[in-house]
Amino acid sequence: QVQLVESGGGLVQAGGSLRLSCAASGGTLSDYAMGWFRQTPGKEREFVSGISWSGGDTTYGLTYYVDSVKGRFTISGDNAKNTVYLQMNSLKPEDTAVYYCAANRMRHLVRWEGALSDYWGQGTQVTVSS
């Protein structure tokens, strides 16, 4: 059973930055595509960004971002640390949500619906004030 633990959330002012971390244990990061989702009360869990693989390579190379965060967020992975990151810059109040890390055994995907995730973290709260 793969365990995912998010960290790095908090309260920031609009225009500020946060870096979220997702530490994985019980598995090998290169076996999975990794992604970040976010959710606000009463809303569906929304895909934000994903990172995947090119062919049979074990180095992350492919990324995807929803339009609302493109140019502001950057996803990355560190296989040696079994950790993925989401660098969030130029944060806006509408970015406020609980952010969840997810792992998908379909390791070449860069985007997917939440129901296709094999593992979830507990979530970390991000609050952006105006």
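Reckoned from all heavy atoms, side chains included, excluding hydrogens, waters and symmetry mates.
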Atom pair [atom1]/[atom2] of [X] and [Y] - distance to nearest 0.5 Å:
X	Y	atom1	atom2	value
Thr28	Asn82	OG1	CG	6.5 Å
Thr124	Leu18	OG1	CG	8.5 Å
Ser117	Arg105	OG	CZ	13.5 Å
Trp120	Cys22	CH2	SG	11.0 Å
Ser68	Lys92	OG	NZ	8.0 Å
Gln39	Glu46	CD	CD	10.0 Å

I'd like to know if the side chain of [X] reaches the main chain of [Y], judged simply by a donor and an acceptor atom lying under 3.5 Å from each other, with no hydrogens or angles considered.
X	Y	value
Ser49	Tyr64	yes
Glu6	Cys101	yes
Ser52	His108	yes
Thr40	Ala97	no

Can you check whether [X] reaches [Y] side chain to side chain, under 4.5 Å on heavy atoms?
X	Y	answer
Phe73	Trp36	no
Tyr65	Ile75	yes
Ile51	Val110	no
Met34	Leu4	yes

Notebook entry, point to check: Does any pair with a residue in residues 72-84 pass salt bridge (Lys or Arg N to Asp or Glu O under 4.0 Å), and if so which ones, sequence neighbours excluded?
Noted result: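 Listed by first then second residue: Arg72-Asp95.
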Check: How would you list, by chain and number, every residue that makes a salt bridge (Lys or Arg N to Asp or Glu O under 4.0 Å) with Lys70, sequence neighbours excluded?
Finding: Asp67
Notebook entry, point to check: Centres of the Phe47 and Phe37 rings: under 6.0 Å?
Noted result: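 Yes, they do, as the ring centres are separated by less than 6.0 Å.
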Does [X] have more than 12 heavy atoms from other residues, nucleotides or ligands lying within 6.0 Å of its [atom1]?
X	atom1	result
Glu113	CD	no
Gln13	CD	no
Gln122	CD	no

Are a donor atom and an acceptor atom from the side chains of [X] and [Y] found within less than 3.5 Å of each other?
X	Y	answer
Tyr32	Arg107	no
Asn89	Ser17	yes
Arg38	Tyr99	yes

Taking all heavy atoms of [X] and all of [Y], pick out the closest pair and write down the distance.
X	Y	answer
Ala102	Trp112	O-CZ2, 4.3 Å
Met106	Asn104	N-OD1, 2.9 Å
Val126	Gly9	CG2-CA, 4.1 Å
Ser129	Leu11	CB-CD1, 4.3 Å

Next item on the list: With sequence neighbours excluded, give me every disulfide bond (SG atoms under 2.5 Å apart) pair touching residues 62-93.
Entry: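 The answer is none; no pair qualifies.
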Next item on the list: Decide whether Tyr100 and Tyr85 are clustered together by the hydrophobic rule: side chain heavy atoms of Ile, Leu, Val, Met, Phe, Trp, Tyr closer than 4.5 Å, transitively.
Entry: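 Shared cluster, no.
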Next item on the list: Indicate if Leu86 and Val5 have the same hydrophobic cluster label, given that clusters are the connected sets of ILVMFWY residues with side-chain heavy-atom separations under 4.5 angstrom.
Entry: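 Different clusters: Leu86 never reaches Val5 through Ile, Leu, Val, Met, Phe, Trp or Tyr contacts under 4.5 Å.
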